[in-house]
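To keep things clear, I will list the structure first and then write my remarks on it.
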Amino acid sequence: MTHFGTNAAIRNDWTLDEIKAIYNKPVLELIVEAANVHKIYQATGEVQVCTLLSVKTGGCPEDCSYCPQAARFHTGVDVHKLLSQEQVLTAAQRAKDGGSTRFCMGAAWREVRDNRDFDKVLDMVKGVNEMGLEVCCTLGMVNEYQAEKLKEAGLYAYNHNLDTSEENYSNIITTRTYDDRLDTIENVRKAGISVCSGGIIGLGETDEDRIGMLHTLSTLVQHPESVPVNALVPVKGTPLENQPLVTVWEMVRMIATARILMPKTMVRLSAGRERMSVTEQALCFLAGANSIFTGEKLLTTPNPDFDADKAMFELLGLNPRKSFKEEGQPEVV
């Protein structure tokens, strides 16, 4: 079944049955269909290069079963207070010099509080924005007022992952609800900030859970501008430390399905990439991934460095996407 033509509109009314049919296609057929959709809606060979920095590490009161930064788990992660403006801008300059065009700052908070630390983050956002980088934050839950303050400071994107399906969510996290996640996404959207929201596979979820998460993302009133697809990196001391690693084919299936459902979205090959060979990563790009995190760490877990990714780009003929490419362009409805 062909889902797209060159004049097809972006759809937000996908049914679970439709998504299941796409997700369960023979994997090579699925890759071909996703690649065809990618050619219609994206610049082939263009990949957004992002860097993620933990600006406040550890001590989080949440109980996310996968997270080494949760205070209740003994994972060996050192707790660090909020970095200084100078430290953040130095890291942002290093990322820019390494080829990144988006710089994301993560803080291990349950939610943003209106205090001095938030004021400092707003200053960080202003500083990174002035460097010509798309600046992104992931700070936990935000209300409408806080989202507006971030927008005023120059925030380009806000990351708030769904993690898994609504049905599986309470098996992974009990300290907040799925609706809390969706409320933050709505507050970010109202403020006019680009939405970055995806999930993690390898948490012990079923294929139905993966399909359910994709259904939620692809039926939002407006698709997220960016959807990270993460493979669990099991961390000793967390409840999920003994989870088996996901295969590249599971990542490819998720990426390809996301590409077909959300053609204009940046689909990010995120956590777990450091375990992949260049050949495996090439399969993910072929299936529709067009964004990566680069740099030595993703918050607290390992990640390929700038030099390794530069060599991969040269080998595969990939080109870094420029900052603010979508600015001023009409939205597809």
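Just so you know, residue 1 is the first one in the sequence shown, and it goes up from there. Since this is a predicted model, take the numbers as computed values, not measurements.
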Please check: side-chain N/O of [X] versus main-chain N/O of [Y], any donor-acceptor pairing under 3.5 Å?
X	Y	value
Arg189	Gly192	no
Glu134	Thr101	no
Asn168	Asp209	no
Asn115	Phe118	yes

I'd like to know if the side chain of Gln48 pairs up with that of Asn290 as donor and acceptor (distance under 3.5 Å, no hydrogens or angles considered).
no
Checklist line | Asp180 versus Thr177, side-chain donor and acceptor atoms under 3.5 Å | finding: yes
Does one hydrophobic cluster hold both [X] and [Y], with members joined at side-chain heavy-atom distances below 4.5 Å?
X	Y	value
Met141	Leu150	no
Val227	Met266	no
Met276	Leu315	yes
Leu245	Ile201	no
Ile185	Tyr145	no

Quiz item: Passes side chain to side chain donor-acceptor pair (under 3.5 Å), Asn12 versus Thr219? Steps please.
Solution: CA-CA 4 Å; Asn12 301 76; Thr219 56; over 6 Å; no
If we only count heavy atoms from C-beta on, is the [X] to [Y] side-chain gap below 4.5 Å?
X	Y	value
Ser194	Tyr158	no
Arg102	Thr51	no
Met124	Val135	no
Ile40	Pro263	no
Thr265	Tyr41	no
Phe285	Leu316	yes
Thr294	Ser100	yes
Glu33	His38	no

What are the two closest non-hydrogen atoms of [X] and [Y], and how far apart are they?
X	Y	answer
Trp109	Leu82	CZ2-CD1, 4.3 Å
Lys151	Ala191	CG-O, 3.3 Å
Gly202	Val246	CA-CG1, 3.4 Å
Glu144	Asn187	CG-OD1, 3.2 Å
Leu217	Ser197	CD2-O, 3.6 Å
Ile19	Ser218	CD1-OG, 3.8 Å

Derivation of the side chain to side chain donor-acceptor pair (under 3.5 Å) call for Tyr169 and Arg181 = CA-CA 11 Å; Tyr169 190 79; Arg181 298 268 181 182; 2.8 Å; yes
Rounded to the nearest 0.5 angstrom, the CD1-CD1 distance for Ile172 and Ile200 is 8.5 Å
Value for CD (Gln281) from CG (Leu283), rounded to nearest 0.5 Å, stands at 10.5 Å
Compile the donor-acceptor pairs under 3.5 Å between side chains in residues 86-93 and protein atoms, sequence neighbours left out, one pair per line.
residue: Gln87; atom: OE1; partner: Ser84; partner atom: N; Å: 2.8
residue: Gln87; atom: OE1; partner: Ser84; partner atom: OG; Å: 3.3
residue: Thr90; atom: OG1; partner: Glu86; partner atom: O; Å: 2.8
residue: Gln93; atom: NE2; partner: Asp97; partner atom: OD1; Å: 2.9

Discussion item. For a salt bridge (charged side-chain N to carboxylate O under 4.0 Å, His left out) check, start with the C-alpha distance between Glu130 and Lys126, then their side-chain angles and the critical distance, and finish with the verdict.
Written reply: CA-CA 6 Å; Glu130 289 170 358; Lys126 292 174 186 174; over 6 Å; no
Other residues, nucleotides and ligands only: do more than 12 of their heavy atoms fall within 6.0 Å of CZ on Arg113? no
Legend entry - Atom NZ of Lys20 with >12 non-hydrogen neighbours under 6.0 angstrom: no
Check step by step if salt bridge (charged side-chain N to carboxylate O under 4.0 Å, His left out) holds for Lys149 and Asp119.
-> CA-CA 9 Å; Lys149 294 289 287 183; Asp119 291 339; over 6 Å; no
Pair up each side-chain donor or acceptor in residues 248-256 with any protein partner under 3.5 Å, not counting sequence neighbours, and list the distances.
residue: Glu250; atom: OE1; partner: Thr247; partner atom: N; Å: 2.7
residue: Glu250; atom: OE1; partner: Thr247; partner atom: OG1; Å: 3.3
residue: Glu250; atom: OE2; partner: Arg210; partner atom: NH1; Å: 3.1
residue: Glu250; atom: OE2; partner: Arg210; partner atom: NH2; Å: 3.1
residue: Arg253; atom: NH1; partner: Tyr23; partner atom: O; Å: 2.5
residue: Arg253; atom: NH1; partner: Lys25; partner atom: O; Å: 2.7

Think Arg268 forms a cation-pi with Phe293, using NZ or CZ under 6.0 Å from the six-ring centre and within 45 degrees of its axis? yes
Notebook entry, point to check: Would you call Arg273 and Asp309 a salt bridge, using N to O less than 4.0 angstrom?
Noted result: yes
